[in-house]
Number of protein chains: 2
Amino acid sequence: MTLLEDYVELIADLLKEHGEARTTDIARILGVTHPTATKTIARLRREGLAVSRPYRGVFLTEAGIALADRVRRRHRLVVELLIAVGVPQESAEADAEGIEHHVSDVTLSAFERYLKKSAAGGRSLGATGKP
Amino acid sequence: MTLLEDYVELIADLLKEHGEARTTDIARILGVTHPTATKTIARLRREGLAVSRPYRGVFLTEAGIALADRVRRRHRLVVELLIAVGVPQESAEADAEGIEHHVSDVTLSAFERYLKKSAAGGRSLGATGKP
DNA sequence: TTCGAAATATAGCCAAAGCTACATTTTCGT
DNA sequence: ACGAAAATGTAGCTTTGGCTATATTTCGAA
């Protein structure tokens, strides 16, 4: 189940890296068929997060860009937190995709504090690089 | 969006505490209307996780009980992990409800290891009781 | 330049999870 | 014992997120 947030995040990435976000690429990367992507993009438009013209790719509105930024930051923090407590990178990346949508602001702040402390001097816990 | 796993977990709780699991209670606790609960219970039956007779409550099959155990354990670990990294208990409980369904076995094992280490001697990180 | 392949769109289907409205069965109080 | 209230069930609608099949548009290569 792929959520609007994932689409927005991916579209932002594609726009930054390639200057355009094409329906087919979005579908392929998210692992859905292109009609599914098309339908969701229509919903993004309806909700004021993106604009698109037929056969001309997708672009984000201000609201879409703002959402993408928030989502990306949250995603990054979740992955880092998971790695910091010892989750293998691969699992961290994979699980974060599902987890991130359920992390509240309060929890996110806690993650941030933890990572800061952890970076500062917490050497006895989590992933140390040594088994 | 309430998943099968949540129903199974709740039904197990109700059965343990009250000896019965009634549709109305399930609906009320999960915050959905009773037709929604009824429909999901039908799905539990279809998938071999529960049995029920009209007007006579719901019971879990062996498979249902096994699932409930796994879900409960995972839920507990997720809450404990969140608290261990400094998430306030209330947020931990609330967010765990959504997060737990996306935690893989690998990640869960990592949580377990972290909590063990943390309990053993990791005193410098996470919730210490002191701000 | 034009034609075929690739990209995109559209139509229509499905299941899940939610709802309201209505029907039926139990249960409980008098 | 009976009738009303509570519990449960059923019907049918909605949205979301999938799908396949089919139509259309764009684009690149001959």
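What you see below is based on every heavy atom in this structure, not just the backbone, and it leaves out hydrogens, waters and symmetry mates. Everything quoted here is computed from the prediction, not taken from an experiment.
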Along nucleotides 8-14 of chain C, 5' to 3', which nucleotides get a B, which get an S, and which get a -, given that the test is a protein heavy-atom distance under 4.0 Å?
BBBBBB-
Separation of B:Leu60 CG from B:Ile65 CD1 (nearest 0.5 Å)
6.0 Å
Starting at CD of A:Glu112, measure out to NZ of A:Lys117 and round the result to the nearest 0.5 Å.
13.0 Å
Rounded to the nearest angstrom, tell me the gap between atom [atom1] in [X] and atom [atom2] in [N].
| X | N | atom1 | atom2 | result |
| --- | --- | --- | --- | --- |
| A:Glu20 | D:dC27 | CD | P | 10 Å |
| B:Leu3 | D:dT16 | CG | P | 18 Å |
| B:Ile29 | D:dA7 | CD1 | C1' | 15 Å |
| A:Leu30 | D:dC19 | CG | P | 11 Å |

A:Leu81 with A:Val106, same ILVMFWY side-chain cluster at under 4.5 Å
no
Among B:Ile99, B:Ile83, B:Asp95, which residue satisfies the side-chain contact (heavy atoms from CB on, under 4.5 Å) criterion with B:Val78?
B:Ile99
Regarding A:His101 and A:Asp6, is there a side-chain donor-to-acceptor distance under 3.5 Å anywhere?
yes
Go through C:dT20, D:dG18, D:dT16 for me and flag the one nearest to the A:Val32 side chain.
D:dG18
Those residues of residues 7-17 of chain A lying under 4.0 Å from DNA chain C by at least one heavy atom
none
Using a cut-off of 4.0 Å on non-hydrogen atoms, how would the nucleic acid contact of B:Thr2 be classed: base, sugar-phosphate, or nothing?
sugar-phosphate
Assign B:Arg46 to base, sugar-phosphate, or nothing according to its heavy-atom contacts below 4.0 angstrom with the strands shown.
sugar-phosphate
Are the charged groups of B:Glu9 and B:Arg73 less than 4.0 angstrom apart, N to O?
no
4.5 Å side-chain heavy-atom contact, B:Tyr114 and B:Val85:
yes
Testing A:Thr40, A:Thr38, A:Thr33 for side chain to side chain donor-acceptor pair (under 3.5 Å) with A:Thr36, which one passes?
A:Thr33
